[in-house]
Amino acid sequence: MSTMESLIGLVNRIQRACTALGDYGGGDSTFSSLWEALPSVAVVGGQSSGKSSVLESIVGRDFLPRGSGIVTRRPLVLQLHKTEDGAQDYAEFLHLPKRRFSDFALVRKEIQDETDRVTGRSKQISPVPIHLSIYSPNVVNLTLIDLPGLTKVAVEGQPETIVEDIENMVRSYVEKPNSIILAISPANQDIATSDAIKLAREVDPSGERTFGVLTKLDLMDKGTNALDVLEGRSYRLQQPWVGIVNRSQADINKNVDMIVARRKEREYFATSPDYGHLGSKMGSEYLAKLLSKHLESVIRARIPSITSLINKSIDELESEMDHLGRPIAVDAGAQLYTILELCRAFDRIFKEHLDGGRPGGDRIYGVFDNQLPAALRKLPFDRHLSVHNVKKVVSEADGYQPHLIAPEQGYRRLIEGSLNYFRGPAEASVDAVHFVLKELVRKSIGETQELRRFPTLQAEIAAAAGEALERFREDSKKTVVRLVDMESSYLTVEFFRRLPQEVEKGGNPATPAMDRYTEGHFRRIASNVSSYIGMVSETLKNTIPKAVVYCQVREAKQSLLNHFYTQIGQKEGKHLGLMLDEDPALMERRQQCAKRLELYKAARDEIDSVSWAR
Ligand SMILES: Nc1nc2c(ncn2[C@@H]2O[C@H](COP(=O)(O)OP(=O)(O)OP(=O)(O)O)[C@@H](O)[C@H]2O)c(=O)[nH]1
């Protein structure tokens, strides 16, 4: 394989890979476009400038759709491959990889059909290229992109915007610095009015990447010639102008063979009094060779920067893929494993919050150290044990017969009434810790990097953890209320045994019975009950946190997701898959990245293979 063949072939292969993977420039700007980095020859010309004729002459075959209006409505990437002399010509489309066309009338039909397939019959245009490869001994290795002809007016059935749409699409091809512009203008029209030259001048003012082609030399008025243009005096380009004589409409109607037409063109220049001195540098065959050589040298010069673009893009894509995470397995076993791994990752972070590796766990101690004691202090014992209330409760308990020594029943009622107040702070502590735990679950889910991709699983974990915490809260409430109830069900006997002695110590043994009903007596009762309640309060301040930690914190640490684990263990693959339902935007992005990565790697392999061949 010669170098020239392999370099143009290389770009052909990369271009095909680009189209297969949806990279044809423009479009999605979140990726760098490899397509745009590849040198290519874009063919531009106004309507009836002879664009199709030039391409067919370069190919040596009739194969382009003809008709009125705008026939070329999608870019046609025409890849020419030279084959051994004597071999049969054939064509292949990228979109029909298994079919070889040796009848070029069918190639024409397929271009039309494939255009309509994407644009519909609405005569719209589309930037998605059609790739056509032609294998023939009569071509040089070359790739040309045929673009819709520049027009001034839309014809019937074509949308109003088409004139502008075409110009924008053509411009998007020719404005990239890697594009070689083949600007086709007819010789029987003033070059200053050529649509192709106008556009070329705009995007390539210095004329370094524009090849001027002048068609219809044979149609010029007698006695005039195009030497001013062909010799670069009318419009200067860095590359030489090439004059062409294509088949006339009459030749086309007579079905004059392309190879015959090429011979006639050669003869035209060889015998022309005006262009004889330029003869060897005119004609479609010369143009094809010139372009092939030029394209090859441009590709050669661009290879290092293409390689570095590819390597850079591969690096970027790989790191983005790492960040996005691996795609999820499809079998249920692997999915279950993934879910468990993700749950464990979450659980680890949740525990770190409780154990102090991450902040938040200290708020639980805050509940025990501040909220609970403050709530206990605020209980309205003053009111409950006011002389007035004590007197009322004791009298009611005594009934018709006032107590003789100490108001046993009165004491009990006063104490039970007081102890009831402890339920409030006990339950409030349970709730406060519940909310701290819930918040830590929420935080931990957010902090579990691995879970980011899976909004559904995040929600499932949050729900499962929420349910578990709710269960722990119920259990914890029952336990703390029980602690309070235990205090009222059996009073500390020791405390009361000490009471009469204290009474005697402080009071006068000779006090008459009547004194028992004085204020001092009730105040003493109040103060006795109050100190008993104080003792119980101290006990509960210590035991409530123990119960809360035992029922809620310890359980959350040990078995927050246990119930969830048993549930998912019984789920079928379909459900597991649903849980691992990723954020669709992310999935889409991963897919795109993977496709691009595949493209760049394929391109890198192609380039490597050519470097070895050289
Ligand atoms: N005599 C002569 N006729 C030519 C030459 N080039 C093109 N023609 C004729 O000009 C007409 C238009 O040529 P095409 O090749 O179809 O031009 P085009 O730019 O592809 O036209 P559209 O696709 O309709 O925009 C045809 O009838 C050709 O036969 C030429 O060099 N000499």
Side-chain angles (χ1 to χ4, degrees), residues 42-76 78 104 108 111-112 115 123 125 130 132 144-158 162-163 165-167 169-170 181-189 191 193-200 212-222 224-226 229-230 241-258 260-269 272 274-275 278 282-288:
V43 188
V44 296
Q47 248 181 336
S48 279
S49 57
K51 198 160 60 72
S52 313
S53 302
V54 170
L55 285 171
E56 289 184 326
S57 184
I58 288 176
V59 176
R61 281 290 194 165
D62 276 287
F63 67 100
L64 288 171
R66 288 180 199 284
S68 58
I70 297 151
V71 179
T72 310
R73 285 178 291 116
R74 286 175 63 183
L76 176 72
L78 184 60
F104 282 76
R108 169 178 299 143
I111 295 175
Q112 268 160 353
T115 300
K123 307 290 174 210
I125 59 166
I130 299 176
L132 173 63
L144 300 156
I145 304 174
D146 186 18
L147 296 166
L150 298 161
T151 71
K152 299 221 164 37
V153 280
V155 295
E156 191 127 321
Q158 285 178 325
I162 196 148
V163 174
D165 292 347
I166 290 180
E167 191 171 324
M169 185 163 101
V170 174
I181 307 166
L182 192 63
I184 311 225
S185 316
N188 56 354
Q189 187 193 314
I191 198 72
T193 64
S194 156
D195 296 313
I197 289 298
K198 251 192 252 167
L199 186 61
V213 172
L214 204 60
T215 59
K216 307 193 185 180
L217 287 175
D218 58 319
L219 291 185
M220 289 185 74
D221 290 341
K222 281 234 152 48
T224 62
N225 65 46
V229 176
L230 292 177
W241 278 83
V242 179
I244 299 272
V245 176
N246 288 312
R247 293 182 306 173
S248 65
Q249 190 57 48
D251 292 340
I252 295 174
N253 295 347
K254 277 189 280 173
N255 259 331
V256 170
D257 182 73
M258 289 303 313
V260 174
R262 277 189 188 175
R263 202 184 59 230
K264 278 170 94 177
E265 187 188 29
R266 267 199 309 272
E267 284 165 13
Y268 176 89
F269 286 110
S272 160
D274 288 327
Y275 312 116
L278 295 171
M282 295 286 129
S284 46
E285 281 174 287
Y286 174 76
L287 175 65

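Computed over heavy atoms, backbone and side chain alike; hydrogens, waters and symmetry mates excluded. All residue numbers refer to positions in the sequence shown, counting from 1. First listed ligand is number 1; within each ligand, the first listed atom is number 1.
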* To do: Give, for atom CG of Leu150 and atom CD of Gln47, the distance between the pair rounded to the nearest 0.5 Å.
  => 9.5 Å
* **Asp62/Arg247 salt bridge by N-O under 4.0 Å criterion** => yes
* To do: Taking the side chain as every heavy atom from C-beta outward, state whether Leu214 and Leu230 have any pair of such atoms under 4.5 Å apart.
  => yes
* **Straight-line distance of Thr215 OG1 to Asn188 CG, nearest 0.5 Å** => 7.0 Å
* Just jot down the side chain to side chain donor-acceptor pair (under 3.5 Å) partners of Arg262, sequence neighbours excluded, or say none. => none
* Would a 4.5 Å heavy-atom cut-off, applied to side chains only, mark Val43 and Val54 as touching? -> no
* To do: Mind jotting down which protein residues get a heavy-atom contact under 4.0 Å with ligand 1? Chain and number order, please.
  => Gly46, Gln47, Ser48, Ser49, Gly50, Lys51, Ser52, Ser53, Lys216, Asp218, Leu219, Ile244, Val245, Asn246, Arg247, Ser248, Gln249, Ile252
